[in-house]
Every structure is written in structure tokens, then in C-alpha cells.
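Worksheet: one structure, shown below.
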There are 2 protein chains.
Amino acid sequence: MIRIFNDFYTNKPKIVMNNGISLKELAAELNLAPSTVSRALNDSYEISEATKKKVISMAEKLNYQPNPFARSLRENKSKTIAVIIPERINYFFSQVIDGIEEITSEHGYHLLVYSTHEDVEKEKKILSLLQNGRADAIVMSVSSQTSDVSHLKRLHDRGLPILFFDRICSEIPTTKFITNDYESAFEGTKHLIQQGCKKIAFLMLSKELSITKERHRGYVDALKMSGMEPEPAFSLHCCHSDEDNTQLIWELLLSSNRPDGILSSVEKLALATYQAVKKTNLSIPDDLKIISFSNMSIAGLLNPSLTTITQPAETIGEECAKLLIKKLTKPRQPDLLNQVITIPSKITIRESTLVR
Amino acid sequence: MIRIFNDFYTNKPKIVMNNGISLKELAAELNLAPSTVSRALNDSYEISEATKKKVISMAEKLNYQPNPFARSLRENKSKTIAVIIPERINYFFSQVIDGIEEITSEHGYHLLVYSTHEDVEKEKKILSLLQNGRADAIVMSVSSQTSDVSHLKRLHDRGLPILFFDRICSEIPTTKFITNDYESAFEGTKHLIQQGCKKIAFLMLSKELSITKERHRGYVDALKMSGMEPEPAFSLHCCHSDEDNTQLIWELLLSSNRPDGILSSVEKLALATYQAVKKTNLSIPDDLKIISFSNMSIAGLLNPSLTTITQPAETIGEECAKLLIKKLTKPRQPDLLNQVITIPSKITIRESTLVR
DNA sequence: GAAAATTTCGCAAACGTTTTCGTATTTAAA
DNA sequence: TTTAAATACGAAAACGTTTGCGAAATTTTC
């Protein structure tokens with residue numbers, strides 16, 4: 001369907017895409033003022049029930065759809081939330097977004113989703129694009145390259161609600177949702193020790209990340225509690241490339257002083273370990289036991305099945321969204337509190353840490 | 001930072017969130033008309049180089065960010081593309097979106113991402129929300145429940161560019177990107193036959209889906225070419241729930257006339273099969289061989305590793321995006337052609353179809 | 001040196017809403 | 001019957017852009 005309008009200046013007919021009827025046209029159809037129609041549709045007390053009825057039925061008949069940009073311009077809010085994650089092909093982040101959408105969609109909010117691909121420059125660019133009010137709030141997990149946080153701080157200083165989860169940014173005074181990183185890493189390491197591991201390595205993405213700091217602290221403390229001394233070479237610093245990581249871990253496994261246990265702080269490094277092990281004649285769990293933070297639903301189908309520390313990803317997403325919705329929809333809400341909310345993970349023991 | 005404005009009617013100061021400086025304010029700062037500043041920033045030929053310089057430097061100094069909604073309202077375009085997928089926790093769809101974002105972000109487009117969770121009612125709701133121009137185009141893969149397509153047709157009739165991939169909708173005359181579903185299924189089935197399978201089952205989500213139709217056709221033709229007759233009970237119709245699917249497949253595996261080979265038309269059903277097999281005393285590939293459409297990067301790490309038909313997911317996303325960007329940014333583009341573009345998959349043979 | 005053409009900029013309309021205020025009409029109170 | 005209050009609606013401003021047109025100022029042409 002195509003509609004013809006007369007251009008204001010040229011007065012020549014022009015063809016435009018049919019974005020439906022406008023409030024003004026709807027009002028004309030009803031012989032009412034636009035203001036009245038607007039109020040009627042927004043269920044204002046100033047409008048009689050009779051005209052409300054008429055307006056609503058005509059709006060439905062003509063399939064009136066309010067223009068979101070006119071509304072955003074006027075109201076100075078977009079009904080949109082930006083979600084920024086470091087990678088998209090990731091069970092955890094996908095589940096978190098599912099949780100967020102579950103809540104936000106109920107309240108008519110839309111989700112702009114961006115992936116930084118672990119690249120802080122992309123992250124900066126995305127945040128820069130978000131300066132203009134395109135989104136009413138941001139919920140994000142920082143990239144592994146993020147150490148300078150001025151680009152985050154700027155948005156926060158502008159008054160844009162920003163909320164962190166998983167990989168949080170302690171410098172920004174706002175609410176953050178995480179799992180019990182320290183305790184889970186501590187318990188995971190303890191589990192490896194109980195299974196007889198003597199030389200436990202820790203796999204991490206970047207030393208700057210909140211999750212590696214906390215999880216590493218748990219790892220170190222668990223070692224110390226058992227009288228072990230954390231060996232620096234056993235804290236392996238990996239990167240974004242799966243191939244490079246596999247290579248790094250492979251080299252670690254072939255070193256004369258190779259570990260017999262691994263705590264992987266993120267899922268992808270556990271998978272890289274599996275790939276690396278395939279290239280050796282070592283075997284899991286006999287020669288090497290491994291436990292990993294991971295939200296794979298199919299950890300049980302791996303060869304061997306992987307002992308995991310699973311985050312309540314969907315719940316984390318839901319809680320983020322609930323908080324934001326409250327902040328955005330209720331009147332006179334204070335700024336997001338500077339607090340860290342912890343939701344515990346669950347350890348599932350499988351073959352990869354078995355003693356046999 | 002907080003800014004104080006005087007309200008027009010009450011003339012009382014009011015506190016607003018700082019969304020930055022406006023074009024008008026920037027113009028005032030420069031002693032220029034807003035129109036001049038606008039043209040200068042848009043590099044119009046009507047503006048002298050000298051003032052362009054001045055305007056640009058002042059804009060940078062004051063960190064001017066154009067309001068996207070004012071622009072969208074005026075231009076009647078949003079610089080936003082909606083992506084609708086049936087599920088988010090899925091390697092294939094995540095990769096496709098990565099491919100889309102790769103291209104669109106370069107052109108300043110934003111991505112609204114929605115998941116239908118395989119629910120056609122959710123799909124309808126999402127498309128209804130997209131009637132008002134919030135997105136300039138839609139790229140989507142339909143839900144497994146989608147058979148009536150009037151909600152898609154309506155948007156297409158309005159002139160909104162809509163583009164399908166993977167699970168396409170033949171009723172809508174527009175461009176679709178798929179993989180060579182028929183040939184891949186044919187080859188996959190042939191591979192099972194070559195590996196000695198005599199009774200091959202076909203796992204599918206919904207009979208309505210384009211991919212099940214095509215893949216099933218390939219499966220049937222491969223059987224027939226080898227003189228086998230497709231058994232109706234071996235075309236197993238599954239659903240969205242992993243638990244239910246595992247149960248269904250488990251029952252199939254325990255039936256007196258159980259299959260010795262499986263072609264799974266989607267990844268999740270292969271995983272459900274693995275789960276089901278774990279609950280039997282059957283073993284893959286000795287008692288049952290399986291090949292599946294799947295974009296899991298870790299198919300090789302499963303127990304046993306899974307023979308896969310892998311779609312060029314990221315390429316599909318990129319091609320979708322390229323086409324849309326062309327349509328949206330070049331002047332006087334025709335409607336999207338009613339065509340199906342096929343990008344072939346790749347079969348990777350692993351242990352799950354091994355003869356030993 | 002006058003006319004014509006070009007360069008450079010400003011005015012104001014328009015996009016589609018929401019909301020303040022004014023006002024006519026009806027209802028309630030005195 | 002007057003007056004006050006309540007009800008129901010309209011006029012117009014405002015959000016922040018872009019752009020057609022008009023019009024000075026300058027440069028070019030003859």
C-alpha cells in the first residue's frame with residue numbers, strides 16, 4: 001500500500017512508505033482535536049468515557065500506531081535498553097539476555113544488543129553511540145581489554161543508568177550483579193585438591209577483569225588453606241583467540257612441570273583445554289582434572305563430561321532487568337545504589353574431576 | 001552533571017537529565033542559525049569551508065551529539081534493524097547475528113534483537129511492535145509454530161523491507177537466504193547409508209518449517225535412491241522442550257523396530273538424542289549413527305564427536321546485512337527481489353558415524 | 001560599470017507526539 | 001436564580017532535527 005502526500009514546498013505529490021495513520025489524521029477522522037485524541041488514548045481523566053470509546057474503536061479500526069520517535073523526542077525517553085556483551089557465541093551471555101528480555105518485553109521495552117568481541121575500542125565506540133539518548137539505560141559486561149573506564153564513567157556522569165553484571169567495573173558507583181566468584185573458585189579448587197590434584201593451574205582471560213581477580217583470589221586462598229603455594233607459571237593468561245589459547249594450554253601441558261588440575265575461570269578456556277588435551281596423549285581425568293565456570297547445557301555430553309560451576313545466568317538477567325524497569329518506570333526513583341548483589345553459582349561434579 | 005531549564009509554561013526551573021547540547025544551543029554559541037550549523041555538520045556544499053571548520057570544532061568542543069529521535073522523526077528512518085530469531089541459546093543464530101552486526105555497525109546501524117522462543121504468539125506481538133517504524137527493516141527466521149503468515153504479510157505490505165534466513169517464509173515475496181538444505185540432507189543421509197545404516201530416522205521440529213520440508217525431502221530422496229522406503233514412524237516430530245524431546249527419542253530408541261541411523265534436522269535434537277542414548281545401553285556409533293545440522297564449534301568435543309552439517313552462519317548474516325544496507329542507504333532502490341539465495345553447508349565427518 | 005551568476009547564510013515549516021493553559025458547557029451548591 | 005465548581009475539549013507550544021526557499025553579499029561576465 002502506498003500513500004500520496006503533497007509536499008509542503010513544491011506542492012508536488014510524493015510517494016512515501018506507509019507508516020500508518022498519524023494522530024492528527026486520526027483526530028481529523030473523528031472531528032476532534034489531536035490533544036483530545038492523545039488524551040483519550042492515554043486514558044486521561046479529562047476525557048469522557050463516550051469519546052474515549054469512540055477514539056479507541058476508531059484507532060483500532062484504522063490500526064493507529066503511535067510514532068515512537070515523536071514520543072521519544074517529546075518524552076525524552078526511548079523505551080529501549082542497551083545490552084553490551086563481550087561475545088555473543090556464549091551460553092552464559094545468551095542466557096542473561098534471555099532473562100533480561102523476559103522482563104523488559106513485558107514492560108514494552110526494546111533491547112539493543114551489541115557485542116564488543118572483547119575489543120575495548122569497539123566498546124568505546126558503542127558507548128559513544130549511546131551518548132545521545134538512544135537507550136534509556138545500559139546493562140553490560142565489560143570486555144577483557146577494558147582497564148581504563150573513562151568511557152563508562154562519562155555515560156554514568158551524564159546520568160544514564162548503567163548496570164554491570166559478571167564482569168563488573170568497580171570504579172563506577174552503580175549496582176552490579178555477580179555470582180559468588182570468590183567462593184565458587186575456592187570451592188572448585190578445594191574440590192580439585194580433594195580429588196588428589198597437587199599442581200593446580202588457573203586459566204584466565206585478562207588480569208584486569210573483575211571475575212579473574214575474584215576467582216583467582218578464591219583459587220589462591222584454597223591452595224594456601226591446603227598448604228600449597230600458588231605457582232606463578234600456573235596462572236595462565238589467555239586471550240580471545242581459541243587457537244592461540246589451545247596452543248598456550250598445550251604448551252603448558254607439555255612442560256616438564258605440568259599441572260594435574262585446572263580451574264578454568266571461563267568456559268571457552270575449558271574447551272580450549274579439551275582441544276589441547278586431544279593433541280597430547282594425556283587423558284582427562286586420569287592425567288589432568290578440570291573444573292570450569294560454564295553455563296553449557298551440554299557439559300554432560302562432552303568427552304569426558306565436564307565438572308562445572310554454573311551461574312544463575314537467566315536469574316541474573318532478570319534481576320538486572322527488574323531493577324532497571326523499576327528505576328525507569330516508577331516516578332522519582334533515586335540513582336542506582338552503589339552495591340554489589342551476589343547470586344550464588346552451583347557446582348555440578350562430572351567425569352572431568354573423577355578419581356578412578 | 002545536571003542542567004537547569006526553565007519550563008515554558010510554569011517558568012519554574014526544572015531538573016532534567018543531561019542529554020547534551022542541542023543543535024540550537026550549539027548554533028547560539030556560534031552566533032549562527034541552526035540551519036547553517038546543521039548543514040555545516042552534514043557537509044553541505046552551501047556552507048563555506050571556514051564556517052564548517054568553526055562549527056565542527058565547536059561541536060567537538062561541546063561534545064554535540066545529534067538527537068536520534070528528532071532525526072528519525074524528520075527523516076522517517078531509524079538507522080535500526082530488527083533481528084528476530086526463534087531462540088537465542090543457539091550457535092547458529094548467534095553466529096548469524098554476529099555476521100549481521102559486523103556489517104551493519106560499520107554503517108552506523110543499530111540492532112534490535114528479539115527472540116520468539118519458538119512461540120508464534122510472541123512472534124506476532126513482536127511484529128506488531130515493529131509496525132510503527134521503530135526499525136527500518138527486519139531480518140528474521142520464523143518460529144517453528146508459524147504457519148499462518150498474515151502477521152508477516154502485513155508488515156511486508158506496508159513496505160517494510162523484510163528478509164528471511166534459514167527458516168524462511170515462501171509466501172512473502174522477498175529475498176531469502178538459506179543453505180542447500182535439500183542437498184545437505186541428501187548427502188547426510190547418503191553418508192549414513194554408506195556407513196551401513198538400514199533404518200534411518202529423521203528428527204524434526206515442525207512439519208511447517210521450510211527447513212524441515214526441504215531437509216526431509218533430501219532425506220526421503222536419498223533413501224529412495226538406495227532402494228529404501230521411508231518409514232512414517234521414523235520421521236519424528238519433536239517440540240521446543242529438551243526434556244520432552246529426549247523422552248520422545250528415548251521411546252523411539254527403545255521401540256522394537258528402532259532406527260540404526262539418525263539425521264537430525266536441527267542441533268538441539270542431536271543433543272537430545274545424545275541425552276536419550278545416555279539413558280539406554282545403546283552406544284553411538286556402534287548401535288546408532290547420527291549426523292546433524294549443527295553449528296556447534298565443539299561438536300568435536302562431544303562424546304562421541306558429532307558428524308555435522310555446518311551452515312555458513314556468519315556469511316549468511318553478512319549477506320543479509322549487505323543486501324539490507326544497500327537497500328536502505330542507496331537512493332531509489334527497488335524492493336527486495338523475490339528470490340532464494342543458497343549458500344552451501346559443509347559436512348564434517350566425526351566419530352558419531354564411524355564404522356568400527 | 002551594470003547585470004548576472006554564485007556563494008553563503010537565515011527563516012520557518014515540518015516530522016508526530018504530549019501537555020499546559022484557556023474556555024465553553026454542564027452540574028452542583030448557595 | 002446566581003454563583004461556584006466540575007467536566008470536557010481545543011489551541012498552541014515544545015521536543016531537536018532537516019530542508020526549501022528567500023535574500024544578502026560577493027564574484028563573475030559582458
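Labels below follow one simple rule: chain letters A, B, ... track the order of the sequence lines, proteins then strands, and each chain is numbered from 1.
Put simply, B:Ser38 has no side-chain N or O that comes within less than 4.0 Å of OP1 or OP2 on D:dT17.
Spacing between atom CG of B:Asn31 and atom P of C:dC9 amounts to 13 Å, rounded to whole angstrom units. Rounded to whole Å, the distance from CD on B:Glu75 to C1' on D:dG20 is 14 Å. Remark: C1' of D:dA8 and NZ of A:Lys54 are 12 Å apart, rounded to the nearest angstrom. In this structure, B:Lys79 places its NZ atom 21 Å from P of D:dG16, rounding to the nearest Å. One atom, CG of B:Leu26, and another, C1' of D:dT17, lie 13 Å apart when rounded to the nearest Å. Rounded to a whole Å, the CG atom of A:Leu30 is 15 Å from the C1' atom of D:dG10. As a whole-Å value, the separation of A:Leu73 CG from D:dA13 C1' is 13 Å. At whole-Å resolution of the value, CZ in B:Arg134 and C1' in C:dG16 are 14 Å apart.
Distances were taken from every side-chain heavy atom of B:Ser22 (C-beta onward) to each of C:dT18, D:dT17, C:dG10; the shortest belongs to D:dT17. Candidate nucleotides C:dG10, C:dT18, D:dG10 were compared by shortest atom distance to the side chain of B:Leu32, and C:dG10 ranks first. The B:Leu23 side chain lies nearest to D:dT18 when the options are D:dT18, D:dG10, D:dG16.
A donor-acceptor pair under 3.5 Å links the side-chain atoms of A:Ser72 to the main chain of A:Pro68, judged by distance alone.
For the residue pair A:Ser22 / A:Glu25, a side-chain donor-acceptor distance below 3.5 Å is found, with atom types taken as modelled. Side-chain N/O atoms of A:Glu123 and A:His151 include a donor and acceptor closer than 3.5 Å.
Partners of B:Glu318 under the salt bridge (Lys or Arg N to Asp or Glu O under 4.0 Å) rule, at least two apart in sequence or in another chain, do not exist in this structure. With sequence neighbours left out, the salt bridge (Lys or Arg N to Asp or Glu O under 4.0 Å) criterion links A:Lys322 to A:Glu319.
Every pair passing side-chain hydrogen bond (donor to acceptor under 3.5 Å, both in side chains) that includes a residue from residues 50-63 of chain B is listed here, sequence neighbours excluded: A:Gln131-B:Asn63, B:Asp43-B:Lys52, B:Ser48-B:Thr51, B:Asn63-B:Gln65.
Scanning residues 39-52 of chain A for heavy-atom distances under 4.0 Å to DNA chain C yields A:Arg39, A:Asn42. Less than 4.0 Å separates DNA chain C from no heavy atom of any residue of residues 57-72 of chain B.
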Under 3.5 Å donor-acceptor pairs involving side-chain atoms of residues 325-340 of chain B, not counting sequence neighbours:
unit_1	atom_1	unit_2	atom_2	d
B:Lys327	NZ	B:Pro334	O	3.2
B:Thr329	OG1	B:Ile325	O	2.6
B:Asn338	OD1	B:Lys176	NZ	3.2

| task | Apply the test salt bridge (Lys or Arg N to Asp or Glu O under 4.0 Å) to residues B:Asp136 and B:Lys77: give CA-CA distance (whole Å), side-chain angles for both, the deciding distance (0.1 Å), then the verdict. | result | CA-CA 6 Å; B:Asp136 293 337; B:Lys77 53 186 174 186; over 6 Å; no
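The NZ atom of B:Lys24 sits 12.0 Å away from the OG atom of B:Ser35 when rounded to the nearest 0.5 Å.
For a distance-only test at 3.5 Å, the side chain of B:Ser35 qualifies as a donor-acceptor partner of the base of C:dC11.
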